[in-house]
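Single-structure report; data block below.
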Amino acid sequence: MSSHIVGVDIGQTAIRAVEARSVRNGPIEVRAYQEAALPDGAVRGGEIVEPTAVATILKKMWVDGKFGTKDVILGMGDQKVVARDLVMPNLSQGEIRDLLPLRVQELIPMPVAEAIIDFYPIAEAASTDEGPAVRGLLVAAYADAVANNVAAVKRAGLQVVDVDFVPFALQRAVGSTGEGVSAIVDVGATTTNVVVSAHGVPDFVRIIPAGSDDATRALVTQLEVPRDQAERLKVAQGLHPEIVPPNDAKSAGIILDVTRELMTSIINTLRYYSSTHDNARVESLVLTGNGARLRGLPAALAQSTGIALVAPAPFARVRLPRTLASFGVSEALRAGTAIGLAMGARA
Ligand SMILES: Nc1ncnc2c1ncn2[C@@H]1O[C@H](COP(=O)(O)OP(=O)(O)OP(=O)(O)O)[C@@H](O)[C@H]1O
Ligand SMILES: [Mg+2]
């Protein structure tokens, strides 16, 4: 593997790719950033369903971005992956891996034989009748979905050197590195990732199968308007009922209702974390994803959780070329995952 790598985040609405050079003992150096919109239906729930379309787009991104390597770290997140809390005997990583398939079936939605499973130790846990124990995160992905996405990327002539878990990439790029407990909430189109970290290390992850697209779809079905019009309504109005377009007062209520449901899921997830982790208080929250651009959403979330919001700053953790110096707030919302994937490369 060369020291250059491209972190590739394939979301529901867009592919984002960051070429970076890993530097020993220093922050990675970003060489190029490319983003390309995906046609509706090309990716669903984290799985590439139109591999030819995705491969064509990836090829074009490599040309447009003048990427200097075909080595890729691919992110997996979305509904094809789950993360669970797990206590295992305090054995070597290899021994734990061997034991996992025998222990985790009741925790995951897919048959163990059809899953890729891994365990990330976090801290020592109280001893069990098996002896010393370690608490950690179990991550399980549908093996077929991973293979399918890897194959689509290969079709573009690229080489997947690693597959990484999107919430871990988010933590690297935008998560708090300080003391205490902090959260990242990434509101995507169909998925909302929640990562809670203690002292800069992921402690808890939930992938909520809901996102900003739910509001768009509710507008399409309830108002019987085309998708692009629904999208425009949502973006223009957000959670501000006072900005009601002249021809459609109903939209405000629809957006509010759907977004409230999403907020309730986020709030319940953070509460669940606290109640299962010694009532730990989440002290700060980084809100990312384009879904976080919904007008009024950041303020509503800050108010209902009582948690201070911190703006994501993924570019502060890397070296940026001058050509990307103009990157601002909106790029910071959506580039985090791809940057974090590239940051995960081992120098
Ligand atoms: N200005 C805006 N205001 C409100 N919502 C917006 C705005 N811009 C984009 N969105 C919404 O953000 C969502 C897309 O977010 P994002 O690009 O982070 O998702 P994704 O990474 O493609 O998907 P996922 O992470 O779910 O796979 C869409 O539902 C879109 O309608
Ligand atoms: Mg995303």
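Side chains are part of it too, since the values below use all heavy atoms of this structure and drop only hydrogens, waters and symmetry mates. Whatever order the structure lists ligands and atoms in, that order sets their numbers, starting from 1. Since we're looking at a predicted model, the values are computed, not measured.
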Using a 4.0 Å cut-off to any heavy atom of [X], which atoms of ligand 1 qualify?
X: G291; result: 12 (O), 15 (O)
X: G289; result: 18 (O)
X: A14; result: 22 (O)
X: D213; result: 29 (O)

Residue, atom name and distance, where the atom is the protein heavy atom closest to [atom]:
atom: atom 8 (N) of ligand 1; result: R293 NH1, 3.9 Å
atom: atom 23 (O) of ligand 1; result: Q12 N, 3.1 Å
atom: atom 18 (O) of ligand 1; result: N290 N, 2.9 Å
atom: atom 25 (O) of ligand 1; result: G188 CA, 3.7 Å

Nitrogen or oxygen atoms of [X] and ligand 1 under 3.5 Å apart:
X: T13; value: yes
X: D9; value: no
X: A189; value: yes

Interatomic spacing from [atom1] in [X] to [atom2] in [Y] - rounded to 0.5 Å:
X: L297; Y: I266; atom1: CG; atom2: CD1; value: 6.5 Å
X: W62; Y: Q34; atom1: CH2; atom2: CD; value: 9.5 Å
X: K80; Y: N148; atom1: NZ; atom2: CG; value: 9.0 Å
X: E47; Y: D78; atom1: CD; atom2: CG; value: 10.5 Å
X: Q105; Y: L107; atom1: CD; atom2: CG; value: 9.0 Å

Quiz item: Of the choices S212, G336, P209, G238, which has the non-hydrogen atom that lies closest to atom 11 (C) of ligand 1?
Solution: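 Nearest option to atom 11 (C) of ligand 1, by heavy atoms: S212.
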Exercise. Determine, considering heavy atoms only, which of K234, R217, Q237 sits nearest to atom 5 (N) of ligand 1.
Key: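 Checking each option, the heavy atom nearest atom 5 (N) of ligand 1 is found in K234.
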Practice problem: Could you tell me whether a side-chain N or O of R319 sits under 3.5 Å from a main-chain N or O of E29, the two making a donor and an acceptor? | Solution: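 No, because the side chain of R319 does not come within donor-acceptor range (under 3.5 Å) of the backbone of E29.
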Self-check item: Contact check, R295 vs ligand 1, heavy-atom distance below 4.0 Å
Solution: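 No, that is not the case, since the closest heavy atom of the residue is not under 4.0 Å from the ligand.
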Any idea which part of [X] is under 4.0 Å from ligand 1, heavy-atom wise: side chain, backbone, both or neither?
X: V43; result: neither
X: R16; result: side chain
X: E231; result: side chain

Quiz item: Would you call K234-D214 a salt bridge at under 4.0 Å N-O?
Solution: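 No, this pair does not count.
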Quiz item: Any salt bridge between R227 and D213, counting N to O under 4.0 Å?
Solution: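 Yes.
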Self-check item: Side chain to side chain, I10 and L38, heavy atoms closer than 4.5 Å
Solution: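 Result yes, sub-4.5 Å side-chain heavy-atom pair found.
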Quiz item: Should P89 and T128 count as side-chain neighbours, where that means a heavy-atom distance under 4.5 Å?
Solution: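 Sidechains of T128 and P89: no contact.
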Self-check item: F165 and Y120 aromatic centres sub-6.0 Å
Solution: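 No: the rings miss the under 6.0 Å criterion.
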